[in-house]
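Everything below concerns the one structure shown next.
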Amino acid sequence: MLMEGKAAIVTGGGTGVGRATALELARRGASGVAINYSRSKDDAERTAAEVRELGAEAMAVRADVSDDADCRSFVDQAVAAFGRLDLLVNNAGTTVFVPHDRLDDVSAEDFTRLYSVNTVGPFQMARAAKPHLAADGGGEVVNVSSIAGVAAIGSSIPYCASKAALNNLTVALARVLAPEVRVNAVAPGFITGRWLRGGYGDEGYDKLREMAEQSAPLGKVCEPEDVTAAILGLVEGSDLVTGQVVVVDGGMLIRR
């Protein structure tokens, strides 16, 4: 599916991968891009303004993806504004930073919150978007997962578990939304930016990045734009790809 003249929702679109994806969609001729935020209003509005500068309509909506009513309202507002919906990128996510061996530092509330945003949120967004994505020749969903969900590495055990569940959800949705809607996921490795820097601190972030670069066969970690390229590769590539989780990590999982 080429994005020229199409409309999209990108959750968590104010920063990082979400921002890069919203801007690239506009560059590729999307007619409208809607993004949401839960706290980062200024970032979301700046991204929306940049999307408009690139020639697409844009809107920034406060919506919590863990709240089903918010998801349904967000989709309704986007469709009312753009007249259609062709692509949903489930990018919004959260985590806690707890070393995996510190089991007693993980609470039930951590699991509940991360699952609510990282797994239940994409399900609720896809459910709300389904009738609109299925119209006008069909649409697509791309979930932003993580190699944490493939190899159980990353910021915390609850995060790994929530992303593994998202990978499974991707396959289930691909099955039930076919043939009108394709559903895939991308699973990035280390992504540069303030999210990981804020979680690990400057020193920890720099050490982890260096380790990741040294272990990856390609010698690089992801910039947000690398993940965006994978997302758009699924969207604008073969229309026979569905139910797949594409790892984007410079080869970290096959480390040398």
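Worth knowing before you read on, the calculation uses all heavy atoms, side chains too, and leaves out hydrogens, waters and symmetry mates.
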Indicate yes or no: does [X] engage [Y] in a salt bridge with an N to O separation below 4.0 Å.
X	Y	result
Lys41	Asp43	no
Lys207	Glu210	no
Lys6	Asp136	no
Arg46	Glu50	no
Arg28	Glu236	yes

Do the side chains of Leu232 and Met3 get nearer than 4.5 Å, heavy atoms only? yes
Under 4.5 Å between any side-chain heavy atoms of Leu87 and Leu25, yes or no? yes
Could you go step by step and tell me if Glu140 and Val183 meet the side-chain contact (heavy atoms from CB on, under 4.5 Å) rule? CA-CA 6 Å; Glu140 304 192 31; Val183 184; over 6 Å; no
Modelled atom types, side-chain donor and acceptor of [X] and [Y], under 3.5 Å:
X	Y	value
Thr228	Thr21	yes
Asn167	Ser145	yes
Ser73	Asp76	no
Thr11	Asn36	no

Working note: Tyr159 + Asn118, criterion side-chain contact (heavy atoms from CB on, under 4.5 Å); need CA distance, chi angles, decisive distance, verdict. CA-CA 8 Å; Tyr159 182 74; Asn118 297 348; 3.7 Å; yes
Is a side-chain donor or acceptor of [X] paired with a backbone partner of [Y] at a separation under 3.5 angstrom?
X	Y	value
Glu109	Ser107	no
Ser155	Phe97	no
Lys163	Val144	yes

